[in-house]
Amino acid sequence: MNTTESAHGQPLLAARGLYKAYGSTPALRGASAQLRAGEIVAVTGPSGSGKSSLLHCMAGMVRPDHGQVMYGDEHLAHASEDRLSELRRTQFAVVFQFGQLIPELTAVDNVSLPLILGGTDRRTAHGQAHSWLERFGVLDRAEARPGELSGGQEQRVALARALVTGPRIVFADEPTGALDSLAGEQVMTELTAAARELGAAVLLVTHDATIAAYADREIRLTDGRTGALEVSA
Amino acid sequence: MSTRHILLGLLAMGPRHGYDLKHRHDERFPQARPLAFGQVYTTLQRLVRDGLAEVEETGSDGGPERTMYRSTDAGARELADWAGSVTPSAPFVANEIFAKVVVAILSGGDPAAYLAAQRASHMQRMRELTAVKSAKDADLTTVLSADYALTHLNADLRWMTTTADRLATLTAEVEST
Ligand SMILES: Nc1ncnc2c1ncn2[C@@H]1O[C@H](COP(=O)(O)OP(=O)(O)OP(=O)(O)O)[C@@H](O)[C@H]1O
Ligand SMILES: [Mg+2]
């Protein structure tokens, strides 16, 4: 660890020694990872190496069989469902490869939804949703439903929805996986710029080194394990 | 890389001082190694010797910085031939990374550790290039030249990843022959 990193102090989110199996299939076999406030970290590794499983455990979407996930001083692996859903509504945001928008709702309603669920009134929510859609260059598609959007537009709306609540951590699993390389890179440029502006940390799962290069550093997974560096970090 | 053709290309826009050519080169090819003034003047003298460029005017002090060069018709033809000719599709087989992996196996070293360290170095360079091209003021020349380097580094990385996955088989093969 270099001095600038340790100067950031305690990590925002830290997974230590995670094990997770689905039936007899091991997905994680001793994975550790840390995320500091505002840091953008790429998780890379071959298909089936456990990248998505690590992200799911760290986001509190899946409980590990063994190991800890610490969000500040809080044990996520033992948190109640109520607390986890509160975190997902207020402090965590997720972006996946596709299929995350509600098909019946327009783009602006999709982006407003997390705010409205959090008690913001509809007018204010729509105002903020519009400014995020504008920031990602899809304001002119505000009234379109997901089925009427291109893949790149859909990902931009999904990013707007992820960021509209001002989360502390964005969990992104192959967010550009369905896009061609130019569109993918544009989405990454927009995501990293917005995250840095908000001071949000990003845990970015990708198998593509070109995409991983948008992050500050890389965590490499092999057969459900992270390198020795991550264990001691 | 053919410095003489690049200088001829920059002269195609009109006569220039050597000093000017150096700066235009460094601006047009931001990821390339900057040209040294000495290299620019030597190359210009050779172009003149070969009839591809000529001196348009010499400054009053006669020093190289004050001399203006222009391309000749022969220079324009040479440039067109070069720019239109296909660059040999390099076989890339004599790659140093590949050689180091094989030598590590032969000498009982640790090829996996080498590949992991090489990967970290490539990733670091890719992050730097990505930062360069994502900067708000990056022009398209900068973006495309960074992209060129990124694509090649990424090709190395993909090769290193599949090689790392097959090290056991490669080791058995190298050791048995
Ligand atoms: N819900 C599940 N049920 C059963 N097995 C699962 C489940 N999720 C993951 N696995 C298994 O766990 C292992 C790790 O899967 P994971 O999805 O974490 O890998 P990944 O690195 O994200 O792969 P990819 O790059 O293909 O998305 C795989 O063998 C996978 O089949
Ligand atoms: Mg996955």
Side-chain angles (χ1 to χ4, degrees), chain A residues 1-2 4-5 39-51 135-137 176 180-197 202 204-233, chain B residues 30-31 92 95 97-98 101 109-171:
Chain A
M1 255 335 67
N2 68 39
T4 36
E5 271 175 305
E39 190 182 29
I40 302 180
V41 173
V43 177
T44 65
S47 188
S49 59
K51 302 182 295 294
R135 147 130 219 182
F136 286 117
T176 62
D180 69 31
S181 57
L182 191 57
E185 294 210 31
Q186 280 163 355
V187 164
M188 279 313 299
T189 306
E190 289 159 12
L191 168 59
T192 49
R196 290 200 199 283
E197 225 167 86
V202 180
L204 168 72
V205 164
T206 179
H207 65 276
D208 181 347
T210 312
I211 297 300
Y214 283 84
D216 301 321
R217 63 187 174 92
E218 177 186 38
I219 295 175
R220 195 91 190 122
L221 267 177
T222 319
D223 295 334
R225 295 184 191 90
T226 44
L229 254 178
E230 285 305 322
V231 182
S232 62
Chain B
Q31 295 297 322
F92 292 120
N95 184 287
I97 298 174
F98 181 56
V101 170
D110 188 345
Y114 163 68
L115 283 171
Q118 189 68 59
R119 179 188 174 87
S121 165
H122 269 48
M123 279 306 307
Q124 178 56 32
R125 184 75 191 118
M126 286 180 75
R127 283 192 285 270
E128 290 162 13
L129 288 162
T130 301
V132 166
K133 77 169 189 176
S134 311
K136 281 213 170 59
D137 55 356
D139 57 14
L140 188 56
T141 304
T142 304
V143 171
L144 292 179
S145 104
D147 270 342
Y148 189 84
L150 278 163
T151 309
H152 283 75
L153 288 165
N154 192 31
D156 272 3
L157 268 185
R158 291 174 61 169
W159 178 85
M160 291 191 282
T161 307
T162 49
T163 303
D165 290 345
R166 293 145 114 188
L167 269 181
T169 317
L170 179 66
T171 303

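Worth knowing before you read on, the calculation uses all heavy atoms, side chains too, and leaves out hydrogens, waters and symmetry mates. Computed from a predicted model, the values in this text were never measured in an experiment. Order of the sequence lines fixes the chain letters, A, B, ..., with proteins taken first and strands second; residue numbering starts at 1 for each chain.
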Sort by residue number and list every residue of residues 122-134 of chain B having at least one heavy atom under 4.5 Å from chain A. B/Met123, B/Met126, B/Arg127, B/Thr130, B/Lys133, B/Ser134

Any B/Val101 side-chain heavy atom under 4.5 Å of B/Leu167 side chain: yes

Where is the tightest heavy-atom contact between B/Ile97 and B/Trp159, given as atom of each residue plus distance? CG2-CZ3, 3.6 Å

With sequence neighbours excluded, residues passing side-chain hydrogen bond (donor to acceptor under 3.5 Å, both in side chains) with A/Thr210: A/Asp208, B/Asn154

Of the backbone (N, CA, C, O) and the side chain (C-beta and beyond), which part of A/Ala212 lies under 4.5 Å from a heavy atom of chain B, both, or neither? both

From OG (A/Ser49) to NE2 (A/His207), nearest 0.5 Å: 11.5 Å

Heavy atoms of A/Arg217 and A/Ile219 approach each other most closely as NH1-CG1, 4.0 Å

For B/Arg166, which residues count as a side-chain hydrogen bond (donor to acceptor under 3.5 Å, both in side chains) partner, sequence neighbours excluded? none

Contacting moiety of B/Thr161, where chain A heavy atoms sit under 4.5 Å: side chain

Which one, A/Ser181, A/Ala193, A/Ala215, A/Ala213, leads in non-hydrogen pairs under 4.5 Å with chain B? A/Ala213

Where do A/Leu221 and A/Gly224 come nearest, in terms of heavy atoms and distance? CD2-C, 3.9 Å

Side chain, backbone, both or neither: which part of A/Thr44 has a heavy atom under 4.5 Å from chain B? side chain

With sequence neighbours left out, write down each residue that passes salt bridge (Lys or Arg N to Asp or Glu O under 4.0 Å) with B/Asp156, or none if nothing qualifies. none

